[in-house]
2 protein chains.
Amino acid sequence: MRGDKSTDADGGTAGSGAAGSAGGPAPVTLREVAREAGVSYATASRALNGSDRTVREENAARVREAAARLGYLPYLPAQAVARGFSSTAALVVADMDDPYFASIAVGVVDAAEEAGLIVTMAVADRTPELEVQLVHKLRGHRPQVIIVAGSRIEGPQDALVAELEAYRSAGGRVALISQEGLPFPTVPIDNYGGARALARTLVDLGRDGFGIVHSGDRIHTSRDRRQGFTDGLREAGLEPVLIEEAFSRDGGRRAGRSLHPEVRTVFAVNDVMAIGVSSGLREAGRVPGAEVAVAGFDDVEEARYATPALTTVRVPLREIGRLALRIALDPGGDTAGAGVRGSAGGGGRDSVRDGAWVSPKGAARVPPEGAAGAVVRVPPEVVVRDSTPGRSACGGSASG
Amino acid sequence: MRGDKSTDADGGTAGSGAAGSAGGPAPVTLREVAREAGVSYATASRALNGSDRTVREENAARVREAAARLGYLPYLPAQAVARGFSSTAALVVADMDDPYFASIAVGVVDAAEEAGLIVTMAVADRTPELEVQLVHKLRGHRPQVIIVAGSRIEGPQDALVAELEAYRSAGGRVALISQEGLPFPTVPIDNYGGARALARTLVDLGRDGFGIVHSGDRIHTSRDRRQGFTDGLREAGLEPVLIEEAFSRDGGRRAGRSLHPEVRTVFAVNDVMAIGVSSGLREAGRVPGAEVAVAGFDDVEEARYATPALTTVRVPLREIGRLALRIALDPGGDTAGAGVRGSAGGGGRDSVRDGAWVSPKGAARVPPEGAAGAVVRVPPEVVVRDSTPGRSACGGSASG
DNA sequence: CTGTTAGCGCCTTCAG
DNA sequence: CTGAAGGCGCTAACAG
């Protein structure tokens, strides 16, 4: 919440005070404020919103005072019409009930707030078609930026790209989260590298009998994580058993319920599924953590309180959300790496893959507006917890 | 997504096609569409948005066709200015990272989508002052409705009420979630009744040695649940031990870590805290579920996968979110009870309190307006799970 | 049915 | 530094 350039007049508190008549008092308009303050309409405008403030302090004060007294509230839609752009940021997420997206949303909303924007949000329900329709609809509000955080699914993305391209060519800024390969600034998540590092860490800890619960290669996130983990394993000469299930808690649960007896270490492609796996294992009478270790990916808060606590790869979701808004607002800015502290933990080297991604198509058509394929890497970090060998799922080790 | 009254022109896919020049082609305006279609500006408007469609089908078709071809997109802010009200719904939640609010948000967004509104959202971070500021800020967009879902905290609510009152007196509609006592339509949650029923259920199951982990009476939700549970216990002649901690996972964890040894059944005021309690118990070397049963409130998805699965009180969060939007849009409508199935569980009587509160003033230029204090009860439902007596925290009972 | 013409609330040159 | 006037894109009477 930066204080400068504030457009607020009445300190954030209601001020319709007087309002004697009861019949839907038309909201106070800037014109009234001007009259009340004894200055011109234009002056009032300048005093309250000042693109380049050039108004005698005395008058400015009078205007502010009048505005406060009348409870004036700038009519944002009107401002948008006059200025040509609104003060909103649009966000499309795949599923708000998933803590992964919820955290990203928090980050976006937070950063937007700081930038003086309010966010309009839509939930695409993990359906590509709906997603396109939503950005289209959102576009009507002429947001200053559009951020799309969906689980990218295999298939033609032409519609989405076209929609976004159209938006950008009209002056809008877009940012994507974890869906590289599209000609827009993206906050990537190193799914491959993180998963690979995780695999190596587990191998180093002496685990074996690996299994991967994933959701098929059509879902990019799943594919990359599966791939990374597999490669990490292969470097140690190991080969995992693959189990495919839905990208959800329940999918994980089903997988856990019928997990092959020889799998003693299972990596679920995300924390939510991993938690489901643990649950499923228990339903099958097995003990997750001791008998079979389970690891996930994301380090969602929930995972830290699960039993056994998940070994996972930390992904700074909130920061990623913030970052998305920032790179959208200021592509090519000094945003790179900003706000993402945290060591590389166990992730270590090769955390950074090919950073540079070059815009393939269309980008030529659309000039400046900042680089189109900006990529800011967020380093993954392996977090080892309870599910490692010697620990039991039940009795905690603490104090005892 | 209802199809009628659609304002969309180009089937949801981008259409900036032609656009030869590359320098930020000004978005297509309605005027251009009109010219392109060979009709007047007004006719084009009517054809595409038609409040009361009265345009020869032939022309209408031409307009639609032209709109599609040019990739016309109605400029919502302009529409808002012209119409006097925008097509947005504002939502203020206390903490998006909490699954409780995330689910509510999903419901709101969903219902908004159905009503043709897009939601603008803000996170109040559980801070009353911020909450007021946010609704104030949001008000600037002239949303058609404002929904506030915060954890009500003891203290003067004058600022919030004033802000909301001002909004409403200007024709806006507001709906609150789980914070009765304020002069606005509210979707209540029977915290007291649900907790009391839960207590009785646990007593009936033979549990004893009760403890309540709550967050102090300043937080209404905590207070009501604690109160209800306590009363339920007293009916059986029992008295609980009280532990006060922060309203979060971590607060619960701390409570669990130092839980009095004699407490063998603990009720945490919400699922998230309950999960924390389980976690804390383990850290202290105790086994939640077997040695000490833990119950929560909300029936958040996460709770169903926790270990041990939580005995809890189901609250249809999503439905509640939907309902909030509906009663805001149509107070006094037939919304009562709609969409909320599920038995009354044990909540029982006193579920319905004083409903009527009469609307003072009238709407400005915005559509009708109904009752202002509508209250729709959502019946709580006790869900008994693993944490009951005989079960172990580890080995599942299933199959094996 | 259709076109013309005012605004909606605000910002912004453009003169004073 | 200030006021007057035009315009943003769209809707809504009001004539034809």
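Below, chains carry the letters A, B, ... as their sequence lines are ordered, and counting in each starts from 1.
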Residue [X], side-chain heavy atoms: nucleotide from [options] that is nearest:
{"X": "A:A42", "options": "D:dA4, C:dG7, C:dC10", "result": "D:dA4"}
{"X": "B:R56", "options": "C:dT2, D:dC10, C:dC10", "result": "C:dT2"}
{"X": "A:R46", "options": "C:dG3, D:dT2, D:dC8", "result": "D:dT2"}

Is it the case that B:R139 places NZ or CZ above or below the six-membered ring of B:Y167, under 6.0 angstrom from the centre and within 45 degrees of the axis?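 No; the conditions do not both hold, so B:R139 does not lie above the ring face of B:Y167.
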
Given 3.5 Å as the limit, does a donor-acceptor pair link the side chain of B:R62 with the main chain of B:A37, or not?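 Yes, the answer is positive, given that a donor and an acceptor are paired below the 3.5 Å cut-off.
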
Given atom CD of A:Q79 and atom C1' of C:dT12, what is their separation to the nearest angstrom?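 Rounded to the whole Å, the gap is 13 Å.
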
Residue whose nearest DNA chain C nucleotide is more 5′ - A:Y41 or B:V39: B:V39

5' priority, DNA chain C, between B:T43 and A:A82 [closest heavy atom]: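 Its nearest nucleotide being more 5', the pick is B:T43.
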
Less than 4.0 angstrom between a side-chain N/O of [X] and OP1 or OP2 of [N], yes or no?
{"X": "B:Y75", "N": "D:dT11", "value": "no"}
{"X": "B:N49", "N": "D:dC10", "value": "no"}
{"X": "A:T29", "N": "C:dC10", "value": "yes"}
{"X": "A:N59", "N": "D:dT2", "value": "yes"}
{"X": "B:S45", "N": "D:dA12", "value": "no"}
{"X": "B:S40", "N": "C:dG3", "value": "yes"}

Just how large is the angle between the end axes of the helix from C:dC1-D:dG16 to C:dG16-D:dC1, five pairs per end, to 10 degrees?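 Computed from the C1' atoms at both ends, the axes differ by 40°.
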
Ion pair B:R35/B:E32, N-O distance below 4.0 Å: no

Is there a side-chain contact between A:L76 and A:S87 in this structure, where contact means two heavy atoms from C-beta onward sitting under 4.5 Å apart?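 In contact.
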
